[in-house]
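The chains referred to below are lettered A, B, ... by the order of the sequence lines, with proteins before strands, and numbering in each begins at 1.
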Protein chains: 2
Amino acid sequence: MSDLLDRLRGRGWRMTAQRRVVAEVLDGDHIHLTADEVLARATTRLPEISRATVYNTLGELVSLGEVIEVATDGRAKRYDPNAHRPHHHLVCSGCGTIRDVHPGGDPLADLPTSERFGFTVSEAEVTYRGLCPDCTRA
Amino acid sequence: MSDLLDRLRGRGWRMTAQRRVVAEVLDGDHIHLTADEVLARATTRLPEISRATVYNTLGELVSLGEVIEVATDGRAKRYDPNAHRPHHHLVCSGCGTIRDVHPGGDPLADLPTSERFGFTVSEAEVTYRGLCPDCTRA
DNA sequence: TCCTACGATGGACCAAGTCCAAGTCAATAC
DNA sequence: GTATTGACTTGGACTTGGTCCATCGTAGGA
């Protein structure tokens, strides 16, 4: 079932109950949970798990490149398990939900050297904002 | 000197010493200060100003459309006085400084209807990430 | 110049996240 | 199977960024 767990084990990641549960929670649907939501879901499977561990594990998954940290609104960060395939995000200004989108075009190519100011630019991330169908109606 | 202050006055914005100072701080250079930095600079001009007032005033400038709130990293929000001209941001992953950039191309046009999932998409913001000259050296 | 509604104050409060000393346990070695 | 040990987990204190609210002050109109 879990590619993610296999990959992690293969990379020599020390496996503990807590880490497994966090990885499993993320590996489920491709939704974008906050750390607190991850904690809540992890707690239903492993009631003793602590907040610090969830933060530690999330941080580790991010630095392993298995999960992407998304900070769209200055509130809680969200964690995106779809790190395999490059994509961008469509955020609802009403309720905050996020969808992955795969637009055409490469924004990095649109940034001429003259607009780079000596930076070593490595990444371009696009955030589309709007209202989701539910919030449009409301 | 200040178009911003004139515009605000013209819109019937009640002018107080505190509001003027906050607007002046932002209106200076086109850098992107955090609320705390705004407070620090405002304090040098008007020592009695309070944190709550700075937050209130910033929030008001944002909803008047005179200032843009930029949340690039899940840490402190930054305030961008360059609301007149559409632009995107180049963020240093090392030190967090932000530069305005004006790339070619329109990312909104790159998002086909099939990738909009029924959203009413109104805006696309691009964040370029990389290392600034100083952080590249270090 | 006086009034009054709007703005400012500061201190309490809140949410998200980090830190740390002490305890626990997965993986390796025997 | 047991011992060992360094990495992982815990929970509670702490930090940071931000909001709320009752009270006080004042800009701007009459």
Run the side-chain hydrogen bond (donor to acceptor under 3.5 Å, both in side chains) test against A/R99 and tell me which residues pass, sequence neighbours left out.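 Counting only residues at least two positions away or on another chain, A/R99 forms no side-chain hydrogen bond (donor to acceptor under 3.5 Å, both in side chains).
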So, using side-chain hydrogen bond (donor to acceptor under 3.5 Å, both in side chains) as the criterion, who are the partners of A/T43 when residues are at least two apart?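 Not a single residue meets the side-chain hydrogen bond (donor to acceptor under 3.5 Å, both in side chains) criterion with A/T43.
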Does a side-chain N or O from A/Q18 land closer than 4.0 Å to OP1 or OP2 of C/dT24, or not?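 A/Q18 to C/dT24 OP1/OP2: no side-chain N or O under 4.0 Å.
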Are A/V91 and A/L131 connected in a single hydrophobic cluster, I mean Ile/Leu/Val/Met/Phe/Trp/Tyr linked by side-chain heavy atoms less than 4.5 Å apart?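 No, separate clusters.
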Joint cluster assignment, B/L46 & B/L8, ILVMFWY side-chain distance < 4.5 Å: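 Cluster IDs for B/L46 and B/L8 match.
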Taking distance alone, no hydrogens or angles, what donor-acceptor pairs closer than 3.5 Å link side-chain atoms of residues 35-42 of chain A to residues at least two apart or in another chain?
residue	atom	partner	partner atom	Å
A/E37	OE1	A/T34	N	2.9

Between C/dG17 (C1') and A/K77 (NZ): distance, integer Å: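 For the pair A/K77 NZ and C/dG17 C1', the rounded distance is 7 Å.
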Whole angstroms only, please: what is the CZ-C1' distance between B/R75 and C/dA15?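 My rounded result for the distance is 14 Å.
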Rounded to 10°, tell me the angle between the two end axes of the helix from C/dT1-D/dA30 to C/dC30-D/dG1, each built from five pairs.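 For the helix from C/dT1-D/dA30 to C/dC30-D/dG1, the axes at either end differ by 30°.
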Just the endpoints, please: which first and last nucleotides of DNA chain D, 5' to 3', lie under 4.0 Å from a heavy atom of chain A?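 Counting from the 5' end, contacts occupy D/dG6 to D/dG11.
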Enumerate, atom names and distances included, each donor-acceptor pair closer than 3.5 Å involving a side-chain atom of residues 58-66 of chain A, sequence neighbours excluded.
residue	atom	partner	partner atom	Å
A/E60	OE1	A/R19	NH2	3.3
A/E60	OE2	A/W13	NE1	3.4
A/E60	OE2	A/R19	NH2	3.0
A/S63	OG	A/G59	O	3.2
A/S63	OG	A/E60	O	3.2
A/E66	OE1	A/R7	NE	3.1
A/E66	OE1	A/R7	NH2	2.9
A/E66	OE2	A/R7	NE	3.1
A/E66	OE2	A/R11	NH1	3.3

Listed partners of A/A83 passing side chain to side chain contact (heavy atoms under 4.5 Å, CB included), at least two apart: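 Once residues adjacent in sequence are excluded, the partners of A/A83 under the side chain to side chain contact (heavy atoms under 4.5 Å, CB included) criterion are A/I68.
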Side chain to side chain contact (heavy atoms under 4.5 Å, CB included) with B/S122: which residues, sequence neighbours excluded?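 Side chain to side chain contact (heavy atoms under 4.5 Å, CB included) check on B/S122 returns nothing, list empty.
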Between the side chains of [X] and [Y], does any donor sit under 3.5 Å from an acceptor?
| X | Y | answer |
| --- | --- | --- |
| A/N82 | A/H32 | no |
| A/H89 | A/D80 | yes |
| B/T127 | B/T72 | no |

Return yes if some donor-acceptor pair links the side-chain N/O of A/R129 with the main-chain N/O of B/E123 below 3.5 Å, else return no.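 Checked: no pair found.
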Both B/A76 and A/A17 contact DNA chain D. Which one's nearest nucleotide lies toward the 5' end?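 Upstream on the strand: A/A17.
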Mutual orientation of the aromatic rings belonging to B/H87 and B/H102 [parallel < 30°, tilted 30-60°, perpendicular > 60°]: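 Rings of B/H87 and B/H102: tilted, as their planes differ by 30° to 60°.
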Residues within residues 32-39 of chain A bordering DNA chain C, heavy-atom distance below 4.0 Å: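 Result for residues 32-39 of chain A: A/A35, A/D36, sorted by number.
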Please list each protein N or O that sits under 3.5 Å from an N or O in nucleotides 4-6 of chain C, with the distance.
residue	atom	partner	partner atom	Å
C/dC6	O4'	B/R14	NH1	3.0
C/dC6	O2	B/R14	NH1	3.3
C/dC6	O2	B/R14	NH2	3.4

Taking the hydrophobic residues Ile, Leu, Val, Met, Phe, Trp and Tyr, and joining any pair whose side-chain heavy atoms are under 4.5 Å apart, which ones share a cluster with B/V101?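 When side chains under 4.5 Å apart are linked, the cluster holding B/V101 also contains A/L90, A/V101, A/L108, A/L111, A/F117, A/F119, A/V121, A/V126, A/Y128, B/L90, B/L108, B/L111, B/F117, B/F119, B/V121, B/V126, B/Y128.
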Any idea which heavy atoms bring A/L26 and A/P81 closest together, and the distance?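 Minimum heavy-atom separation between A/L26 and A/P81: O-CG, 3.3 Å.
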Heavy atoms within less than 4.0 Å of DNA chain D: which residues of residues 44-57 of chain B have one? Give them sorted by number.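 Nucleic-acid contacts, sorted: B/R51, B/A52, B/Y55.
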